[in-house]
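All remarks here apply to the structure that follows.
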Amino acid sequence: MVLRRLLRKRWVLGVVFGLSLIYFLTSTLKQEERTMRDRTLLEVRDSDHRIPWKVRFNLGNSSRQITQCRNSIQGKTLLTDELGYVCERNDLLVNGCCNINAPNSRQYICKSCLANGCCSIYEYCVSCCLQPDKQLLLERFLNRAAEGFQNLFTAVEDHFELCLAKCRTSSQSVQHENTYRNPQAKYCYGESPPELLPV
């Protein structure tokens with residue numbers, strides 16, 4: 001009863017409103033400050049962002065043990081691990097690596113890829129892109145990319161992440177933003193877009 005009477009008084013409502021307004025303004029200013037700091041970090045970041053290329057080794061010949069592998073995750077039947085092996089989903093080990101002893105596991109496979117670096121299967125695109133000899137091609141791509149496009153790849157830490165990002169369908173793969181230039185080869189790691197097929 002006393003609380004109800006107190007809440008009906010105008011000065012109490014004014015205090016509650018004033019505190020709410022102060023909270024809103026400080027939250028907004030902090031958010032703006034964070035946004036400005038993030039923009040500044042992006043601008044200051046070295047424009048010659050170099051990707052650390054990982055040393056690849058063959059698991060069969062190595063005494064080092066890999067405890068965990070990243071992989072392409074989304075494939076319904078196929079997956080590619082960060083060592084460049086493509087395997088069927090049921091041949092994936094609990095650590096995320098492909099079982100290299102499985103009959104269908106292959107490393108650096110370019111089975112569905114054309115000479116221009118465009119492939120019809122995403123997992124083969126990633127595996128082919130991971131070949132050590134593709135490093136120069138990918139570095140050239142990053143150096144020639146427009147500044148806005150390079151910002152897209154600033155979160156990329158290594159060769160595997162770059163190949164995952166590069167092989168995803170991009171604007172290079174489409175014509176007029178609604179049809180694939182080549183519906184059979186739409187995943188590309190190469191420098192040039194897929195060949196435009198006649199309709």
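Everything numeric here is computed off the predicted structure, so don't read it as measured data.
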Is there a side-chain contact between [X] and [Y], using heavy atoms and a 4.5 Å cut-off?
X    : Y    : result
I121 : K111 : no
L130 : Y108 : yes
Y189 : C128 : yes
N116 : C188 : no

On a heavy-atom basis, which atom in [X] and which in [Y] lie closest, and how many Å separate them?
X    : Y    : result
G96  : N71  : O-ND2, 3.0 Å
N95  : C97  : OD1-N, 3.0 Å
S127 : I109 : OG-N, 2.9 Å
R70  : D158 : NH2-OD2, 2.6 Å

To the nearest 0.5 Å, what is the distance between [atom1] on [X] and [atom2] on [Y]?
X    : Y    : atom1 : atom2 : value
C87  : L93  : SG    : CG    : 7.5 Å
Q68  : D81  : CD    : CG    : 12.0 Å
K186 : S120 : NZ    : OG    : 9.5 Å
Q135 : L162 : CD    : CG    : 10.5 Å
N99  : N104 : CG    : CG    : 11.0 Å

Any sub-3.5 Å donor-acceptor pair from [X]'s side-chain atoms to [Y]'s backbone N or O?
X    : Y    : result
Y122 : L164 : yes
R89  : I73  : yes
K134 : G190 : no
S105 : N101 : no
H159 : E82  : no
T80  : E123 : yes

Going hydrophobic residue to hydrophobic residue with side-chain gaps under 4.5 angstrom, can you get from Y187 over to F160?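 Linked within one cluster.
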
Does the pair C98 and C69 meet the rule for a disulfide (SG to SG under 2.5 Å), with working shown? CA-CA 9 Å; C98 285; C69 281; over 6 Å; no

Going through the checks in order, is the side chain to side chain contact (heavy atoms under 4.5 Å, CB included) test met by L138 and C129? CA-CA 9 Å; L138 294 169; C129 174; 3.6 Å; yes

By the definition disulfide (SG to SG under 2.5 Å), identify the one residue from C125, C110, C113 that meets it with C119.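 Of all the options given, the one that passes is C113.
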
